[in-house]
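For clarity, every value in this text was computed on a predicted model and none was experimentally measured.
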Amino acid sequence: MTMWSLRRRPGRTLGLLLLVILSFLVIRRLEWSILIPAWLRHRQLGLHTKGQHFMLEDSIFWIFGGSIHYFRVPREYWRDRLLKMRACGLNTLTTYVPWNLHEPERGKFNFSGNLDLEAFVLMAAEIGLWVILRPGPYICSEIDLGGLPSWLLQDSGMKLRTTYKGFTEAVDLYFDHLMSRVVPLQYKHGGPIIAVQVENEYGSYDKDPAYMPYIRKALEDRGIIELLLTSDNKDGLKKGMVHGVLATINLQTREELQLMNTFLVNVQGIQPKMVMEYWTGWFDSWGGPHNILDSSEVLETVTAIVDAGSSINLYMFHGGTNFGFINGAMHFHEYKSDVTSYDYDAVLTEAGDYTAKYSKLREFFGSFSDVPLPPPPKPLPKMTYEPLIPVFYLSLWDVLSFIGEPIKSEKPINMENLPVNDGNGQAFGYILYETIITSSGTLSGIVRDRGQVFLDTVSIGFMDYKTTKIVIPLIQGYTFLRILVENRGRVNYGNNIDDQRKGIIGNLYLNDSPLKKFRIYSLDMKKSFFQRFSIDKWTHIPDVPTLPAFFFCGFVIGSSPSDTFLKLEGWEKGVIFVNGQNLGRYWNIGPQETLYLPGPWLFRGNNQIIIFEEVMAGSVIQFTDTPYLGRNQYIH
């Protein structure tokens, strides 16, 4: 093949240069608008403000939005939930983007399967919904560490949500990747994204005045050209505003609405008003009640918001589920971790079913539509399968022999700094610490969040935020001291997010002397963890099983699988895996008593369940077609 050469063909070079110059001169005489595709010519202004109104191009536009988080809903049900949103009379989808799930290890990104953000946004557009994107990097959202990756905490001096160099460098790399996916989805590029939120409720944190301008610039420098918004509750509204960015508010009561709207008018002047988060319910914590908000009160408040001339976003329209270990926690006076269900008492239930709120809000929003609303999709079927009796089991102590060599360390190592996952530490799950002691006494240390203490294989109690010491009874000779520590969820809101390292923090002491020579097992319980559980390892359950332990059973579904709920009466605390999917945690302290099992995660034919039980195993696994989320407490 001959190689084209400038040196050998000067005539061709001159011809090309003349062609380029001629083309430039011709183009300058043309109207640039004819070079823009016809379908983009009407998309010039996007969503913008004009006096007290939002405008979409030249028309007044009311944002009637609802929140659905794609990462909390099985991908197979995205369309069902979005169709139900459209049929409720809403025109805009809002969603967060969880950094910790998209970049689980530095520089390794996951936007596939249930994390396919682009597919979710494009599906919304196909259904007829606009999109407001809330990309963080911090999102709160009752998700572990507010959506920030745990590997950030490997840096002992880390200052999250500030312009600390270690944080901004990580944000910059993440935004480089994320925004390359988001930019083509913007309205002015033909996509459905009409606005982008700058961080989330920063006024309640407010540790660095340079931080919010940095995030705004980080978005704009990477090609974000749509309307920018901030979002704050009553405690942070004053400090969360950014020059040139429209402020919106988060609330639940009509009293808050009046106060916050008055403040915004005084500060922003005549601008469109928007409640970015009208809380349709609330999340639940282990050991507490199930929070609910009366549907009539919801309708009254939504009506008041719109009557006040404000656009609105329903948070949540559909909450979904904290599958796996992704739930967050709160820690003000007391540490409280969030339950697996993110039902939120929202407009749709955790399983996507209709509620009284849906019916009332559909009638309300439908009154603003010039055309009849599309019919709501039919409810998805539920099934109560036959109870199952686990047959096989593996004690945790037996599992240790085939999950690989433990990490050896003179001192305990916290979860985030374990030398695993290519140097990124461990994000979720459990850690087992093991050392040898020769005497009794008082064991003390900082355990986050909950540590079950064993002498050899015998449990002697728990250490947590309230119990920092435990008595070691008389022992004879060399004895294994073992502590199984669970990360129950990192705090997602508050001023202490920098202090969310998990495991044993610092030294562990026996009679005030630090213990040494630890063997540490990373028990992240990812799919790769269970791949080591070959069939020949399982044994029949003995009359008195040694706990903690894994329990296994198989079952067959003869017809097309449907949604169901697992109920574990007689079991105390643990995690359930079905066909390799981590359904989340259960705990008999409530309020949640059933775990949602989506039909698409079941197979027609053979299915497998593995239960990791920490304390007390039951004898049967029950199914029900009705969820039970606990004793109700009305929110006032």
*asked:* Restricting to ring-ring contact (aromatic ring centres under 6.0 Å, His included), what partner residues turn up for Y77, sequence neighbours left out?
replied: none
*In chain order, what residues pass the side chain to side chain donor-acceptor pair (under 3.5 Å) check against S522, with sequence neighbours excluded?*
Q426
_I need the full list of salt bridge (Lys or Arg N to Asp or Glu O under 4.0 Å) pairs touching residues 277-294, with sequence neighbours left out, sorted by first then second residue._
R134-E277
*Are F577 and F530 an aromatic pair by the rule of ring centers under 6.0 Å?*
yes
*asked:* Counting the benzene-type ring for Trp, do Y493 and Y205 have ring centres under 6.0 Å apart?
replied: no
*How would you list, by chain and number, every residue that makes a side chain to side chain contact (heavy atoms under 4.5 Å, CB included) with S150, sequence neighbours excluded?*
E416, A427, R490
_Partner of S204 by side chain to side chain contact (heavy atoms under 4.5 Å, CB included), out of N495, L237, N233_ = N233
*asked:* Between F552 and Y393, is the ring centroid distance below 6.0 Å?
replied: no
*Does Y278 have any ring-ring contact (aromatic ring centres under 6.0 Å, His included) partners at least two apart in sequence or in another chain, and if so, which?*
none
*asked:* Holding to salt bridge (charged side-chain N to carboxylate O under 4.0 Å, His left out), I want the full list of residues that pass it with K573, two or more places apart in sequence or in another chain.
replied: E486, E614
*Centroid-centroid distance, W601 to F323, less than 6.0 Å*: yes
_Please tell me whether F623 and F555 form a close aromatic pair, meaning their ring centres lie under 6.0 Å apart._
yes
*Pair K526 + D524: basic N to acidic O under 4.0 Å*: yes
*Please list, chain by chain and in numerical order, all residues satisfying side chain to side chain contact (heavy atoms under 4.5 Å, CB included) with T624, sequence neighbours excluded.*
F565, T594, T626
*List for me each residue that meets side chain to side chain contact (heavy atoms under 4.5 Å, CB included) alongside L629, sequence neighbours excluded, and say none if there are none.*
H290, S341, D343, E350, Q592
*Qualifying residues under ring-ring contact (aromatic ring centres under 6.0 Å, His included), relative to Y586, sequence neighbours excluded*: none
*Report the residues that fulfil salt bridge (charged side-chain N to carboxylate O under 4.0 Å, His left out) with K234, sequence neighbours left out, ordered by chain and then residue number.*
E256
*Could you list the residues that satisfy salt bridge (charged side-chain N to carboxylate O under 4.0 Å, His left out) with E76, not counting sequence neighbours?*
none
_Between I132 and L93, is there a side-chain heavy-atom distance shorter than 4.5 Å?_
no
*asked:* Under the side-chain hydrogen bond (donor to acceptor under 3.5 Å, both in side chains) definition, can you give me all pairs with a residue in residues 323-333, not counting sequence neighbours?
replied: N327-R585
